[in-house]
Amino acid sequence: MLDCAIIGGGPAGLTAGLYATRGGLKEVVMYEMGMPGGQITQSSEIENYPGVFREGLTGMELMEPWPAQCMHFGLKHEMKEVQRVRKTGKHFTVDLGSEQVEAKTVIVCTGSTPRRAGFKGEDEFFGRGVSTCATCDGFFYKDKEVAVLGGGDTALEEALYLANICSKVYVIHRRDSFRAAPPTVERAMKNEKIEFILNASIEEAFGDATGLQGIRIVFKDGREPLTLNVPGLFVFVGNNVNNKVLKQEDGSFLCKVNEQGEVIVDLKMHTSVPGLYAAGDIRIEAAKQVVCAAADGAVAGMQALNFVQELDA
Ligand SMILES: Cc1cc2nc3c(=O)[nH]c(=O)nc-3n(C[C@H](O)[C@H](O)[C@H](O)COP(=O)(O)OP(=O)(O)OC[C@H]3O[C@@H](n4cnc5c(N)ncnc54)[C@H](O)[C@@H]3O)c2cc1C
């Protein structure tokens, strides 16, 4: 029987494990289906994690020391994908497909994944020109023209990253104002390789068997549609939460979620089910930032510790 099962090994999961084990829980396993680190390892630049600041710091570099520190007090990592969490009597059952593990508490830290924009051809050319990861795929377009869709921090940061590699970066955004932080907007505006196409959306991505060849852009104000012959398109239009592990066989969720499927928690990361916590991008009102996910993980780890201590008393 585990004291605590943590699902997901991003900033939230790793920090939850650190706090739970350092606080005294003995049997704590973090199920992370990949390498620990989470989605920030896809980011080419992070400059808003306090205390760790240098120009050109990548998400991978930021996360590199986390696993060793977070596992120092006994947290174990198993590289397994969790299928489902169920409540079985007083405890939880973590379904790993080939085996079932019992746990006294569960912290769900499965994060979020980039959302698709939904234009024609997006799925067809995904992985063949359409991407959601500039650090992974940007280099394929060295000295070529590419497009970025989106107007938030991630879109503009990744556009700046691509501008270092590519000959030109078109940023297509549906509004004429940005959600991104003003310093990021200013840097992107000043970059000579970045051209903004505003009040615009992508109608279609087209290509052939070799991959993407271009996109067709339409404008809100009825201007003539525009065709850009770009072999690479990077889509940054938000995230969907990874709540699959909470879905039960009958289609209901193990705990309360909102309309977007985000887990409803209180300020102590308690879900509607005692002993079940959710931390990081998966929860309601998440700022979707590394520093916030780590903080949530710390709170959830401490709460799991209290819960087990009371259960065992
Ligand atoms: C390109 C990009 C740039 C970003 N830039 C910044 C930035 O500059 N500053 C900032 O603060 N934030 C940034 N973010 C956001 C930040 O990465 C997230 O807010 C943060 O990583 C959320 O942490 P998390 O632990 O909640 O989830 P994640 O980091 O999403 O980690 C969840 C983990 O759970 C694992 N998992 C999911 N389902 C299962 C399962 N069923 N079984 C086992 N494991 C599972 C996944 O493999 C993943 O590793 C960026 C994100 C991206 C993609």
Side-chain angles (χ1 to χ4, degrees), residues 5-18 29-50 52-53 56-63 66-67 70 77-85 94-97 101 106-115 131-138 148 150 152-162 180-181 183-184 234-247 262-263 265 269 277-284 286-301:
I6 297 169
I7 310 174
L14 282 163
T15 313
L18 170 64
V29 174
M30 180 183 76
Y31 296 100
E32 165 53 62
M33 59 190 177
M35 292 302 288
Q39 56 175 295
I40 193 62
T41 56
Q42 292 180 16
S43 170
S44 50
E45 192 179 1
I46 172 153
E47 51 183 26
N48 54 9
Y49 192 82
V52 191
F53 181 65
L57 181 75
T58 66
M60 191 67 95
E61 287 166 334
L62 175 77
M63 296 311 294
W66 288 44
C70 295
H77 168 215
E78 289 193 22
M79 201 186 280
K80 289 178 180 159
E81 180 175 359
V82 172
Q83 302 301 318
R84 180 174 290 139
V85 181
V94 178
D95 180 355
L96 298 165
V101 178
V106 173
I107 308 177
V108 182
C109 307
T110 43
S112 61
T113 35
R115 190 177 292 154
S131 170
T132 52
C133 180
T135 11
C136 319
D137 300 329
V148 164
D153 279 307
T154 301
L156 296 196
E157 277 159 16
E158 300 308 292
L160 282 160
Y161 171 79
L162 289 165
T184 312
F234 293 84
V235 177
F236 302 108
V237 291
N239 296 69
N240 288 326
V241 291
N242 302 324
N243 59 19
K244 197 188 76 177
V245 297
L246 293 168
K247 260 225 165 119
E262 296 160 340
V263 179
V265 290
M269 306 305 137
Y277 308 89
D281 279 14
I282 180 103
R283 71 155 169 99
I284 48 158
K288 298 202 165 62
Q289 294 290 292
V290 175
V291 67
C292 304
D296 283 4
V299 173

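Both counts, for ligands and for their atoms, begin at 1 and track the order of listing. As a basis for the values below, the full set of heavy atoms in this structure was taken, side chains included, without hydrogen atoms, waters or symmetry mates.
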Is [Y] close to [X] at the side-chain level, that is, under 4.5 Å between some pair of heavy atoms?
X: Leu62; Y: Val290; result: yes
X: Val235; Y: Pro114; result: no
X: Val94; Y: Val106; result: yes
X: Pro11; Y: Met63; result: yes
X: Trp66; Y: Pro36; result: no
X: Tyr31; Y: Val101; result: yes
X: Asn239; Y: Thr113; result: no
X: Val148; Y: Glu158; result: no

What atoms of ligand 1 come within less than 4.0 Å of a heavy atom belonging to [X]?
X: Glu157; value: 5 (N), 8 (O)
X: Thr110; value: 32 (C), 34 (O), 37 (C), 38 (N), 39 (C)
X: Ser112; value: 30 (O)
X: Gly280; value: 26 (O)
X: Val245; value: 41 (N)
X: Lys80; value: 42 (N), 43 (C)

Which option, Cys109, Gly38, Gly152, owns the non-hydrogen atom nearest atom 32 (C) of ligand 1?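 Shortest heavy-atom distance from atom 32 (C) of ligand 1: Cys109.
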Do ligand 1 and [X] have nitrogen or oxygen atoms that lie under 3.5 Å from each other?
X: Glu32; answer: yes
X: Val290; answer: yes
X: Ala12; answer: yes
X: Asn48; answer: yes
X: Glu158; answer: no
X: Lys288; answer: yes
X: Pro11; answer: yes
X: Asn242; answer: no
X: Met33; answer: yes
X: Gln289; answer: yes

**Report entry** Lys288 atom NZ, over 12 foreign heavy atoms within 6.0 Å
**Finding:**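 Yes.
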Within 6.0 angstrom of Met79 CE, more than 12 heavy atoms from elsewhere
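Result for CE/Met79: enclosed.
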*Does Met35 have a non-hydrogen atom less than 4.0 Å from ligand 1?*
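Under 4.0 Å: no for Met35.
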Practice item. Compute the minimum heavy-atom distance from Gln83 to ligand 1 and say whether it is under 4.0 Å. Key: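 Distance cut 4.0 Å: Gln83 fails for ligand 1.
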Which heavy atom of [X] sits nearest to which heavy atom of [Y], and what is that distance?
X: Ile282; Y: Ala279; result: CG2-O, 3.3 Å
X: Ala181; Y: Asp153; result: N-OD1, 2.9 Å
X: Asp281; Y: Ser112; result: OD2-OG, 2.9 Å
X: Gln83; Y: Gly97; result: CG-N, 3.7 Å
X: Phe236; Y: Cys133; result: CE2-N, 4.4 Å

Note to self: Side chain, backbone, both or neither: which applies to Asp281 and ligand 1 if a contact is any heavy-atom pair less than 4.0 Å apart?
What the structure shows: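 Both backbone and side chain.
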Quick one: look up the protein heavy atom nearest [atom] and list residue, atom name and how far away it is.
atom: atom 3 (C) of ligand 1; value: Ser43 CB, 3.4 Å
atom: atom 4 (C) of ligand 1; value: Ile40 CD1, 3.7 Å
atom: atom 34 (O) of ligand 1; value: Gly8 CA, 3.2 Å
atom: atom 53 (C) of ligand 1; value: Gln39 OE1, 3.4 Å
atom: atom 41 (N) of ligand 1; value: Val82 O, 3.0 Å

